[in-house]
Amino acid sequence: MDQKIINLYDEYTHRPLTRQEFLKRLTLLAGSTAAAMTLLPMLEGNYARAAQTAADELMTEYVKYPGVPNEMTAYVARPKKEGKYAAVVVIHENRGLNAHIEDVARRAAQAGYLAIAPNALSALGKTPANEDEARQWFGELKPEDSLKNFRNAFTYLSSRKDYNGRAGCVGFCWGGAMANNLAVNEPQLKAAVAFYGRQPALEEVPKIKSAVQLHYAALDERVNAGMGEYEAALKKANVPYEQYVYEGAQHAFHNDTSAARYNEAAAKLAWQRTLDFFKKHLS
């Protein structure tokens, strides 16, 4: 697919670009309305593909915990066997909690973790009908409230009998930025993994006490603009980190519901590196 089309979709999903304007520009790039409508399903998430990981061997549930301005909801998955597990907080993109992120939580649970995937939009008391609504409502979230709500997930974990006190997080896009900010702000965190997420304020980097793992797509110019300075700040602050750039990969390359951007080889390698990282720092 033409890189200009991929870049347009990235602009649409991350900046104030209306669907009408997006479709207009997509039609111009595609050459016709019919061609644009053919490309659209390849760009947008198809959540029929999301259930890659069966829940049969797992314990799954939805839980609530305190948040601001309203209560938070979250999806939880862990092995069925009773016991105490290290936790992984799974942080969604700017679409809220969806079937894909729940599947990622089950993948973490299959690897032996107590996974919890909070829904940032639940704090607004809203359930979006589609991705456009979700992105619109993300603009109503106050960054300081969202940070508090995800930090509250660690407080909630401490109340569970199946949690062993060691926690990591993994986030994607918006969630990748949140993972970086949790590394700065959450003292309970032992390992933070950010997939193509915006970097934290450089002056905050010395506050990081966790290990950090960063995954970038080589074609993701928007996020990668801050990559070099962040790495330099991590080195200067002596923060243990790993950084990987996946050649030929697009932003959101791990999201297997988007045919145009999913990169199977990069996604599988990055996820294995994530699990290896958690094993090293959460065991």
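Leu141 places a side-chain heavy atom less than 4.5 Å from the side chain of Leu124. In this structure, the side chains of Thr73 and Pro118 stay at 4.5 Å or more apart for every pair of heavy atoms. A 4.5 Å side-chain heavy-atom check between Val212 and Leu214 finds at least one atom pair inside the cut-off. By the 4.5 Å heavy-atom criterion applied to side chains, Lys148 and Val68 are counted as neighbours. Counting heavy atoms from C-beta outward, Val184 and Val205 have side chains that stay 4.5 Å or more apart. Side-chain contact between Arg222 and His251 is present, with heavy atoms from C-beta onward closer than 4.5 Å.
When the side chains of ILVMFWY residues are joined at heavy-atom separations under 4.5 Å, either directly or via intervening members, Leu182 and Tyr65 end up in a single hydrophobic cluster. Residues Tyr262 and Leu8 fall into different hydrophobic clusters, defined by Ile, Leu, Val, Met, Phe, Trp and Tyr side chains chained together at heavy-atom separations under 4.5 Å.
Within the hydrophobic cluster formed by Ile, Leu, Val, Met, Phe, Trp and Tyr side chains joined at under 4.5 Å, directly or through other members, Val104 is accompanied by Tyr62, Tyr75, Val88, Val90, Leu97, Ile101, Tyr113, Val170, Phe172, Val193, Phe195, Tyr196, Tyr244, Tyr246, Phe253, Leu269, Trp271, Leu275, Phe277, Phe278, Leu282.
Within 6.0 Å of CD on Glu221 lie no more than 12 heavy atoms contributed by other residues, nucleotides or ligands. Residue Lys142 qualifies as open at atom NZ: its count of foreign heavy atoms under 6.0 Å is 12 or below. Environment of CZ in Arg151: crowded, with over 12 heavy atoms of neighbouring residues, nucleotides or ligands closer than 6.0 Å. For Glu229, the CD atom counts as loosely surrounded, since its 6.0 Å shell holds 12 or fewer non-hydrogen atoms of other residues, nucleotides or ligands. For Gln243, the CD atom sits in a packed shell: over 12 heavy atoms of surrounding residues, nucleotides or ligands are nearer than 6.0 Å.
Looking only at atom types and distance, the side chain of Glu102 has no donor-acceptor partner in the side chain of Asn98 under 3.5 Å away. For the residue pair Asn263 / Gln250, no side-chain donor-acceptor distance below 3.5 Å is found, with atom types taken as modelled.
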